[in-house]
Amino acid sequence: MALPRHRGAMNIGFQCGVGLGVLSANIINFGTEKIKSGWGWRISLALAALPASILTIGAILLPETPNSLIQNSSNPDKAKIVLQRIRGTTDVQAEIDDIIKASSISKTINRPFQKIIQRKYRPQLVMAIAIPFFQQVTGINVITFYAPILFRTIGQGESASLMSAVVTGLVGTTATFISALVVDKLGRKTLFMIGGIQMFVTQITIGVIMAILLVDHGGLSKGYAYLVLALICVYVAGFAWSWGPLGWLVPSEIFPLEIRSAGQSITVAMGFLFTFIIAQSFLAMLCRFKSGIFFFFGGWVMVMTVFVYFLLPETKNVPIEQMEKVWKDHWFWKIIVGEMDDEKKAYTQQGA
């Protein structure tokens, strides 16, 4: 529903909510850790019912979008009224026409999962798999899920490690809000590059410090522990204004309507799959790799930064209904989708 020039900021509102949720969870864990008699963890888990209730009520009250109204109704006037209310103007006919055209094309597609594997949708399929994969191998969920364990490993007590998780959560939430303010001005690729370089440098630096100073049975000095915490905060900030929100923003805007349901399903499924794999394997990796865990994730950050630089086109300010143009203009993807256009033209001319 967002205007192209505001789409990035409004989409990142989702990640801002995630950041606030993580921060709230860390604060609750820090507070309930002090409750004795085994009630702390029970209260912490039970409070998760509150946001679940809000989501349930919100889903009931959620209005339909103009796209959905056109897709599921033969009367476009209702969608036009909704769009006029959203845009604050009556001059929305051109946008309605684009939505109707995209909807009519999508209705001819009976099997979107078969459609998305076709060659002309190859760029979108690659991004639907690669972006959630790269988002997880940044190592951010290692910090989110296991920050207290990680900080205890480097020599902090239980209460101090939970407080460190609160600090990183606060930094991440703040950086996400900053991303929402600048994403539609700087563009997606710029933030991807800034965040990627920032995460790579901090992860390698942390790995070097821990490899030199952290022994198998012991911890870092207080000064170095604070230095590692500061570097982790820089790393979290880099993720929070790049791969955190953009890992959801970019997939949400690159799929044409006829494969949007399939594309988004693949993106979310891949995200959950790789989250599960990383979460289940991290503790074993930490025991085996020790400080090398930061070099492992740092290496992946370098790979994904190069990937974005060469293979991801800029989608800033491009209407979703016209998004296919960015692939046709891209130096690499136009080789694939351009050949499809050439074959289609040749077939049309031959038929004529």
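Quantities reported herein were computed from a predicted structural model and do not represent experimental measurements. Along the sequence shown, residues are numbered consecutively beginning with 1.
Aromatic ring orientation, F296 versus F289: tilted (interplanar angle from 30° to 60°). The aromatic rings of F134 and W300 sit tilted, their planes meeting at an angle between 30° and 60°.
The two atoms that bring I266 and I129 nearest to each other are CG2-CG1, 4.2 Å, heavy atoms only. Residue P66 comes nearest to A79 through the heavy atom pair O-CB, 3.7 Å, listed as atom of the first residue, atom of the second, then distance. In plain terms, the two heavy atoms of G298 and F200 that are nearest each other are O-CD1, 3.2 Å. Pairing each heavy atom of T56 with each of A52, the nearest pair is OG1-O, 2.9 Å. Of all the heavy atoms in F295 and G207, the pair that sits closest is CZ-C, 3.5 Å. When all heavy atoms of T173 and G19 are compared, the closest pair comes out as OG1-O, 3.0 Å.
The shortest side-chain heavy-atom distance between P256 and M323 does not fall under the 4.5 Å cut-off. The closest side-chain heavy-atom distance from D98 to Q322 is below 4.5 Å. Using a 4.5 Å heavy-atom threshold, the side chains of Y235 and V201 count as separate. By the 4.5 Å heavy-atom criterion applied to side chains, T168 and L229 are counted as neighbours. Two residues are said to be in side-chain contact when any heavy atoms from C-beta on lie closer than 4.5 Å; W333 and V126 meet this criterion. Annotation: side chain of I209 is in contact with side chain of L231 (closest heavy-atom distance under 4.5 Å). The shortest side-chain heavy-atom distance between M304 and T138 falls under the 4.5 Å cut-off. Using a 4.5 Å heavy-atom cutoff, the side chains of P313 and D329 are not in contact.
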D97 and Q93: side chain to side chain donor-acceptor pair (under 3.5 Å), yes or no, with the steps? CA-CA 6 Å; D97 291 340; Q93 190 58 49; 2.9 Å; yes

The test is side-chain contact (heavy atoms from CB on, under 4.5 Å); show your working for Q203 and V301 and say whether it passes. CA-CA 9 Å; Q203 283 180 315; V301 170; 3.3 Å; yes

Could you walk me through whether R260 and Q124 pass side-chain contact (heavy atoms from CB on, under 4.5 Å), step by step? CA-CA 10 Å; R260 190 169 299 165; Q124 291 93 332; over 6 Å; no

Check the pair D184, R5 against side-chain contact (heavy atoms from CB on, under 4.5 Å), reporting the backbone distance first and the verdict last. CA-CA 6 Å; D184 291 310; R5 64 177 180 272; 5.8 Å; no

Run F297 and M199 through side-chain contact (heavy atoms from CB on, under 4.5 Å) and show every step you take. CA-CA 9 Å; F297 288 120; M199 287 189 291; over 6 Å; no

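Side-chain atoms of E258 and Y121 form a donor-acceptor pair, as typed in the model, at a separation below 3.5 Å. In this structure, a donor-acceptor pair under 3.5 Å is present between the side chains of Q136 and T275. With hydrogens and angles left out, the side-chain atoms of T315 and E253 include a donor and acceptor closer than 3.5 Å. In summary, the side chains of N29 and E33 do not present any donor paired with an acceptor at a separation below 3.5 Å, with no hydrogens or angles considered.
Side-chain atoms of R7 come within 3.5 Å of backbone atoms of V318 as a donor-acceptor pair (strictly under, hydrogens ignored). Between the side chain of H330 and the backbone N or O of F310 there is at least one donor-acceptor pair closer than 3.5 Å. Between the side chain of Y224 and the backbone N or O of M210, no donor-acceptor pair lies under 3.5 Å. Distance alone, capped at 3.5 Å, places no donor-acceptor pair between the S44 side chain and the G40 backbone. Under the 3.5 Å distance criterion, the side-chain polar atoms of S265 are matched with a main-chain donor or acceptor of S261. Counting only distance, with no hydrogens or angles, the side chain of W241 and the backbone of I178 share no donor-acceptor pair below 3.5 Å. Under a 3.5 Å cut-off, the side chain of T190 and the backbone N or O of G187 do not form any donor-acceptor pair. Of the possible donor and acceptor atoms, one in the side chain of E314 sits under 3.5 Å from a partner among the backbone N and O of K316. No donor-acceptor pair closer than 3.5 Å links the side chain of Q84 to the backbone N or O of D91.
Rounding to the nearest 0.5 Å gives a distance of 5.0 Å between CD1 of I28 and CG of L47. For the atom pair CZ of R119 and CG of L125, the computed distance is 13.5 Å after rounding to the nearest 0.5 Å. The CD1 atom of I35 sits 11.5 Å away from the CZ atom of R42 when rounded to the nearest 0.5 Å. Between the OG1 atom in T267 and the CD1 atom in I254 there is a gap of 6.5 Å [rounded to 0.5 Å]. In this structure, CG on L170 lies 4.5 Å from OG1 on T174, to the nearest 0.5 angstrom. One finds the NZ atom of K101 at 14.0 Å from the CD1 atom of I70 (value rounded to the nearest 0.5 Å).
Hydrophobic clustering (ILVMFWY, side-chain heavy atoms < 4.5 Å, transitive): L62 and W248 are in distinct clusters. Hydrophobic clustering, with ILVMFWY side chains joined whenever heavy atoms are under 4.5 angstrom apart, keeps I27 apart from V18. Note: the hydrophobic cluster containing I57 does not contain L50 (ILVMFWY, side chain heavy atoms under 4.5 Å, direct or indirect links). When hydrophobic clusters are built by joining Ile, Leu, Val, Met, Phe, Trp and Tyr residues whose side-chain heavy atoms come closer than 4.5 Å, directly or via intermediates, M285 is grouped together with I232. Using a 4.5 Å cut-off between side-chain heavy atoms of Ile, Leu, Val, Met, Phe, Trp and Tyr, with links allowed through other members, L181 and V250 fall into the same hydrophobic cluster.
At most 12 heavy atoms of other shown residues, nucleotides or ligands fall within 6.0 angstrom of atom CZ in F272. In the displayed structure, D77 atom CG is contacted under 6.0 Å by more than 12 heavy atoms of other residues, nucleotides or ligands.
Relative to the six-membered ring of Y309, K189 meets both conditions, a distance below 6.0 Å and an angle of at most 45° to the axis.
Between E95 and R87, at least one side-chain nitrogen of the basic residue sits less than 4.0 Å from a carboxylate oxygen of the acidic one, meeting the salt-bridge criterion.
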